[in-house]
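Notes follow once the structure below has been shown.
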Protein chains: 2
Amino acid sequence: MLNKTRGRPRGNPDTKAAIAEAARVLFLRHGYKGTTVRAVAAAAGVDQALISYHFGSKQGLFGESLNLLCARPGALDHALVGDRAGLADRLITAVTTLWDATAPTENRMALQDDDTMRAFRDYLESELLVRLAEFLGGPDATARATAAVGVIGGLIFTRYLNPLRPIAALTPAEVRRVFGPALRAAL
Amino acid sequence: MLNKTRGRPRGNPDTKAAIAEAARVLFLRHGYKGTTVRAVAAAAGVDQALISYHFGSKQGLFGESLNLLCARPGALDHALVGDRAGLADRLITAVTTLWDATAPTENRMALQDDDTMRAFRDYLESELLVRLAEFLGGPDATARATAAVGVIGGLIFTRYLNPLRPIAALTPAEVRRVFGPALRAAL
DNA sequence: CGTTTTATTCAGCACGGTTGAATATTGCCC
DNA sequence: GGGCAATATTCAACCGTGCTGAATAAAACG
């Protein structure tokens, strides 16, 4: 696209990382649909085709550049150790700290397109739910984990994805107080 | 597209309604992104251009063909009369019957449309929340109503808007059993 | 050194939403 | 009732998007 000579470049620049970084910024700012492959390529100073080459598809780019952030594996891990009594509070705290950090108020609505939803869903379903059930143990572990995921999903939805003013305005401590009983009941 | 003579057709066929109906079916079956304007036009037996003409845009079509179903006002009203003990169950039942009816089993769609989200949010915020707080009464009525809306929002989100398989697969009775404790705790 | 592998640009395809022009029908007004 | 604007429709084309295959140049490896 831009007169950079064809063929492999000199040195070994980590172009893939550069693309991923540019993509991360743009995805957070404009959402999935609002970010074109060409725009990412331009921001990274490379040709559009490189994205397909390195990441296979726009989906792949999205996953590799953002999943680390949103569905950061192990982000909730330290909530899943310790006593059962404090579990609910630890989970809520983990959720609020994680999301309050990654989504700085303005850019929350950008996470509303369907591909983000899918990534998020997969995370809740195959990561959080099974881990929780594992941690809980017992006969109705799955049912209780399901209920808990429902409550946590509700928190994330009503506070971050489609923020209701009264819920988004709460401080983390208030969130704990408001959602705590429900989550404890679910577990 | 198909050799139908150009210009205005005979009689006054309600083509706009036909398009909306075809769109409703396809949107429910394939979701927003998976439904092309051309496909809707073909299903309705008209030219693609007509949908821009009648609805302005694909978004507009989406809104007009589906919004009526989701934001049905007063749908939860009869849950808000009666004793406090059965309130949680009545609310959950109202939600499941309402949404199970509008989205035929398998193909729950992802409502990622901005306008739909906003309408839904406004409904939860200014209808359900204040009504609930009113019904509950007492000093911390608002806090408890907020928590309840969070739980209900979680149910709707994880079962209908962005359906997690384990939750979407539950029967209404199971939903009551799983979400009941959390909602009762919130109230 | 020669060969294979890898990283890159370039040109272009296929598809999706939208638009402007052409055209036929209805509905209104005198 | 006849003329004329408004309306509803098709057709053809545009522009942006994600993606792909060919060409090419540097690196990696023997």
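Since we're looking at a predicted model, the values are computed, not measured. Quick note on labels: first sequence line is chain A, next is B, and so on, each numbered from 1.
- Rounded to an integer number of Å, the gap from CD1 of B:I19 to C1' of D:dT9 is 10 Å.
- Annotation: side chain to side chain contact (heavy atoms under 4.5 Å, CB included) contacts of A:V130 (sequence neighbours excluded): none.
- Rounding to whole angstrom units, NZ of residue A:K4 and C1' of D:dA23 are separated by 17 Å.
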Study note, to complete from the structure: Per-nt protein contacts along nucleotides 15-21 of chain C (heavy atom under 4.0 Å; B base, S backbone sugar-phosphate only, - none) come out as -BBBBBB
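- Scored by the side chain to side chain contact (heavy atoms under 4.5 Å, CB included) test, A:A18 finds no partners at all (sequence neighbours excluded).
- Within the structure, salt bridge (Lys or Arg N to Asp or Glu O under 4.0 Å) contacts touching residues 139-158 of chain A (residues at least two apart or in different chains) are A:D140-A:R144.
- Between the C1' atom of C:dT8 and the NZ atom of A:K16 lies a distance of 15 Å, rounded to the nearest Å.
- A straight line from NE2 of B:H54 to C1' of D:dA6 spans 14 Å, rounded to a whole angstrom.
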With a 3.5 Å cut-off and sequence neighbours excluded, list the donor-acceptor pairs that the side chains of residues 146-153 of chain A form with protein atoms.
| unit_1 | atom_1 | unit_2 | atom_2 | d |
| --- | --- | --- | --- | --- |
| A:T146 | OG1 | A:T142 | O | 2.7 |

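- Between A:F157 and B:F157, the ring planes lie parallel to each other; the angle is under 30°, not in the 30° to 60° tilted range.
- In this structure, the CG atom of B:D14 is 15 Å from the P atom of C:dT26, given to the nearest Å.
- OP1 or OP2 of C:dT23 has not a single side-chain nitrogen or oxygen of B:T5 nearer than 4.0 Å.
- A:T93 pairs by the side chain to side chain contact (heavy atoms under 4.5 Å, CB included) definition with A:T97, A:R176, not counting sequence neighbours.
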List the atom pairs, with distances to 0.1 Å, where a side-chain N or O of residues 177-187 of chain A and a protein N or O form a donor-acceptor pair under 3.5 Å, not counting sequence neighbours.
none

Check nucleotides 27-29 of chain D for protein N or O atoms closer than 3.5 Å to its own N or O atoms and list the pairs.
| unit_1 | atom_1 | unit_2 | atom_2 | d |
| --- | --- | --- | --- | --- |
| D:dA27 | OP1 | A:G11 | N | 2.9 |
| D:dA28 | OP1 | A:N12 | ND2 | 2.7 |

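- Considering only residues two or more places apart in sequence or on other chains, A:D14 meets the side chain to side chain donor-acceptor pair (under 3.5 Å) condition with none of them.
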